[in-house]
Amino acid sequence: MVTTPVSEPKVSKVEGIKERSHGLREPVATELLQDTTHFSEDAIQILKFHGSYQQDNRDNRVKGQEKDYQFMLRTRNPGGFVPPELYLALDRLSETYGNHTLRVTTRQGFQIHGILKKNLKTVVADIVNHMGSTLGACGDINRNVMAPPAPYKNRQDYLYAQEYADNIADLLAPRTGAYYEIWLDGEKAITAEPKPEVLEALQRNGNGTLIADNEEPLYGTHYMPRKFKCCVTVPGDNSVDLFSQDVSLVVLTNAQGELEGFNVYAGGGLGRTHNKEETFARVADPIGYVDKADVYDLVKAILATQRDYGDRANRRHARMKYLLHDWGVEKFRAKVEEYFGQPIKPFRPLPEFKYFDYLGWHEQGDGKLFLGISIENGRVKDEGSFQLKTALREIEQKFMLPMRLTASQNLVIYEIDPANQAEIQEILDRCGIRKETEIDPLVRYSMACPALPTCGLAITESERTLPSILDRIRAVLVKVGLRNEHFIVRMTGCPNGCARPYLAELGFVGQSPEAYQIWLGACPNQTRLAEPYLDNMPIADLETTLEPLFMCFKKNRKRNESFGNFCNRFGFDALREFAATYEPIVSRGKARYRVGIYDDLYGKLKANAAEQGKPMTELVNALIEDYLKSQEPQEPQESQDPQESN
Ligand code: SRM
Ligand code: SF4
C-alpha cells in the first residue's frame with residue numbers, strides 16, 4: 001500500500017485556487033452570472049478545466065483601453081471522433097457566436113475562438129446537447145486521448161486503439177458534477193456511461209490509487225500538478241506523435257488479431273521556456289508491457305505516481321517528464337509498480353513507426369470509403385474561392401457522415417457509400433478544395449499553432465505567417481536545385497511547442513518579435529527530437545539562413561536521405577562550417593528574352609498560372625528547367641515521402 005506523501009509546504013498559487021474551487025465550481029459559477037466581459041484570475045484557472053480559455057484579440061489592443069475579451073472553447077473528442085450532429089452544431093455556433101472559423105487542433109479536438117462571456121453558457125450547453133463535451137479539454141487533468149484516425153473496419157488493431165482511447169478517456173474523466181451544474185443548470189446530458197469494465201476499474205482502489213471520501217476519487221481536491229496527455233496507437237502507426245505524450249499505449253494483438261495487451265511508454269512532453277535550461281522537450285521512454293486485463297490499473301498507477309510525486313511548487317517543472325528525468329526510468333517504474341501492485345512485464349519488440357496522414361480517398365475495409373481532407377494549419381474557414389467551411393457543411397447536411405480529426409490538424413470523413421463519392425468530390429471541387437496530390441507536400445506535412453492574435457503566450461506569428469514562409473522555403477529549394485524536395489516543417493509562436501516543432505525536420509519556434517529559433521535534425525517519423533541550430537533568426541534572414549543548409553544537404557546527402565536525417569548525421573558543426581564559407585547563388589535577375597509560343601498553349605498556360613496563383617514567366621522557366629534537367633545524366637533521387645521513410 002502506497003502512502004500518499006505529505007504535500008510540500010510551499011505550493012504554487014494554482015494549487016490553492018483548485019483547493020478553493022469546491023470541485024471546479026467556484027468562482028466560475030458565481031462570476032458567470034455577473035454582467036461582465038471577463039473573469040477574475042482565479043476563475044480563469046478553473047474555467048480551463050471546463051474547456052475554455054479567456055483570451056483577448058491582440059490585434060485590437062489599445063493602450064489604456066479595456067482588452068477585447070473573448071473566449072476560446074476546446075472540445076474533447078477521444079480518437080478525434082466527431083459525430084455529424086456535433087459538427088453541424090459547432091459550425092453553426094462558430095458562425096453565430098464565434099469568429100466564423102473552426103480550428104482542428106494538434107490533439108484531435110476542435111476549437112471555437114472569439115466567444116463573448118455572455119454567450120459562453122449557451123455555446124457549451126449547445127455542444128453538450130449535440131453529443132459533445134469540453135470538460136477536461138484544458139486544465140490540470142487528463143486531456144483529450146488520441147488515437148489514429150484511420151476508420152479501418154477490417155483492422156482489429158485500429159478498432160482496439162479507438163475503443164481504448166474512449167475507455168481511457170472515460171476512466172480518467174473528472175467526476176465532479178460542476179460541469180453540468182454550471183453549464184446545463186444541473187441537467188445531466190444523455191451521454192453514454194462508461195462501460196462496466198471501466199467503471200469497475202475506476203472503483204478498484206489498488207494500493208492507494210484512489211483518494212478516500214472525495215468527489216474526485218482519482219484526482220482528489222488538487223487534481224493533477226499539471227496537464228496530463230495520453231494516446232493509444234497500433235504498432236507502426238505514429239500518426240499521433242506518441243513520443244510527445246505523458247502516457248502512450250500500443251495495442252498488441254495475437255495471431256488471430258485478438259487483443260492481448262499493450263506496450264507502455266511514459267514521460268514525453270515538449271513545453272519549454274527560452275533561456276531556462278531546466279525546461280526541455282523530452283521523448284517518452286518504454287516502460288513495459290501490460291495485459292489487457294490490467295491496463296486500467298496500470299494507467300491509474302502511472303497517474304497516481306505523477307499526482308502524488310509531481311512537482312506542485314514549480315509549474316514549469318510539474319509535467320511528468322521531469323519526474324522521469326529526475327528519477328530515471330528504473331525508479332519511476334518501481335514507484336508505479338507499488339501502486340500497480342505487481343511487477344511490470346518487459347516491453348515487447350515493435351516494428352518501426354511511420355507517419356501517416358490518411359489524406360485522400362481510401363477503402364475502409366467494409367466496402368465503404370473514407371476521405372482525408374487537408375486543412376492548412378487546421379483552420380476551417382471560407383476565404384475567397386476557398387470555401388472549406390461551406391463544403392463541409394454541405395457534405396454533412398446532405399450525408400450526415402461521422403468524422404475523425406487527425407493529429408496533423410486535418411480531418412477524415414468516413415462511412416461514405418461509394419455511390420456518393422462523385423457527389424462529395426464535386427462539392428469539394430466546386431468549393432475550391434484541393435486534393436492532397438495538388439498540395440505542395442511542404443504545406444501538406446506542415447503545422448503551425450494559432451499564436452497571434454488569440455494566444456496570450458505568443459511571442460511571434462505562427463499560423464498567419466507559415467503559408468508565406470513555406471512559399472519562401474520552396475523558392476530557396478528551387479534556387480538550389482531541389483525543386484521536388486519536401487520535409488516536415490512545424491512552427492510555433494513560443495517555446496511551449498503546441499504544434500510539436502521539436503519533432504519536425506525543420507522547426508521554427510518564436511523567440512522575440514519577428515525572430516525564431518531554428519530546430520533541425522528530427523526524423524520524418526517523429527521518433528527523435530530535433531535540436532536547436534540557431535537562436536533568434538530574424539525572419540527577414542530566412543533565405544540567407546536556409547540556402548547554405550539546403551545546398552549542403554544537396555551536395556552531401558546519401559541516397560534517399562531525408563533533410564532531418566541528413567542534418568542529424570552530418571552534424572551541426574559541419575553544417576555551420578559549410579554555411580560560414582558558402583557563396584550564395586547569384587539571383588538570375590529579371591527575365592529578359594522573348595520566345596514565341598502557340599496560341600492554344602498560351603491559353604492553357606495562362607489558365608494554369610491563374611489556378612496556381614503564379615506568374616507565367618515562373619511557370620515557363622520551371623518547365624524549361626525541368627525539361628533540360630531531364631536531358632542531363634540522373635542525380636541520386638531527391639524526394640522522400642515521410643510516409644515511406646523513417
Ligand atoms: Fe498548447 C498552452 C493551443 C497542443 C503545449 N496551447 C496553450 C494555449 C491554451 C495558450 C494559453 O495557455 O493561454 C494555446 C491556445 C491558443 C489559441 O489561441 O487557441 C494552446 N495547444 C494549443 C493547440 C490548439 C495548438 C494547435 O495548433 O492545435 C493544441 C490544442 C490541443 C488539444 O486539442 O488539446 C495544443 N500544446 C499542445 C501540444 C501538442 C500535444 O499535446 O500533442 C503541446 C506540447 C506537448 C506537451 O504538452 O508537452 C502543447 N500548450 C502547451 C504548453 C506547454 C506545456 C508544458 O508542459 O510546458 C502551454 C502553456 C502551459 O500549459 O502553460 C500551452
Ligand atoms: Fe500559443 Fe505558444 Fe501554444 Fe503557439 S505554441 S499556441 S504561441 S502557447
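Indexing begins at 1, ligand by ligand and atom by atom, following the structure's order.
Around atom 4 (Fe) of ligand 2, the closest heavy atom drawn from Gly493, Cys494, Cys449, Cys455 belongs to Cys449. Among Tyr322, Phe228, Tyr53, the residue whose heavy atom lies closest to atom 9 (C) of ligand 1 is Tyr53.
Among protein heavy atoms, atom 62 (O) of ligand 1 sits closest to Arg226 NH2, 2.9 Å. Residue, atom and distance of the protein heavy atom nearest to atom 53 (C) of ligand 1 are Asn496 OD1, 3.3 Å. Of all protein heavy atoms, the one lying nearest to atom 10 (C) of ligand 1 is Cys455 SG, 3.6 Å. Protein heavy atom nearest atom 51 (C) of ligand 1, with residue, atom name and distance: Lys227 NZ, 3.3 Å.
Remark: ligand 1 atoms within the under-4.0 Å shell around heavy atoms of Arg500 are 39 (C), 40 (C), 42 (O).
A donor-acceptor contact shorter than 3.5 Å is absent between the side chain of Thr492 and the backbone of Cys449.
Within the structure, ligand 1 lacks Gln245 among the residues with a heavy atom less than 4.0 angstrom away. Residue contacts with ligand 1: Arg143 is excluded, as none of its non-hydrogen atoms falls under 4.0 Å. Within the structure, ligand 2 has Gly497 among the residues with a heavy atom less than 4.0 angstrom away. Gln409 counts as a contact of ligand 1, since one of its heavy atoms falls under 4.0 Å from the ligand.
Taking the ring centroids of Tyr322 and Tyr309, they lie at or beyond the 6.0 Å cut-off.
Partner of Thr101 under the side-chain hydrogen bond (donor to acceptor under 3.5 Å, both in side chains) criterion, chosen from His113, Lys381, Arg379, Glu95: Arg379.
Neither the backbone nor the side chain of Cys138 has any atom closer than 4.0 Å to an atom of ligand 1 (non-hydrogen atoms only).
Taking 2.8 Å as the criterion, Cys449 does not count as a coordinating residue of atom 1 (Fe) of ligand 1, since none of its N, O or S atoms falls below it.
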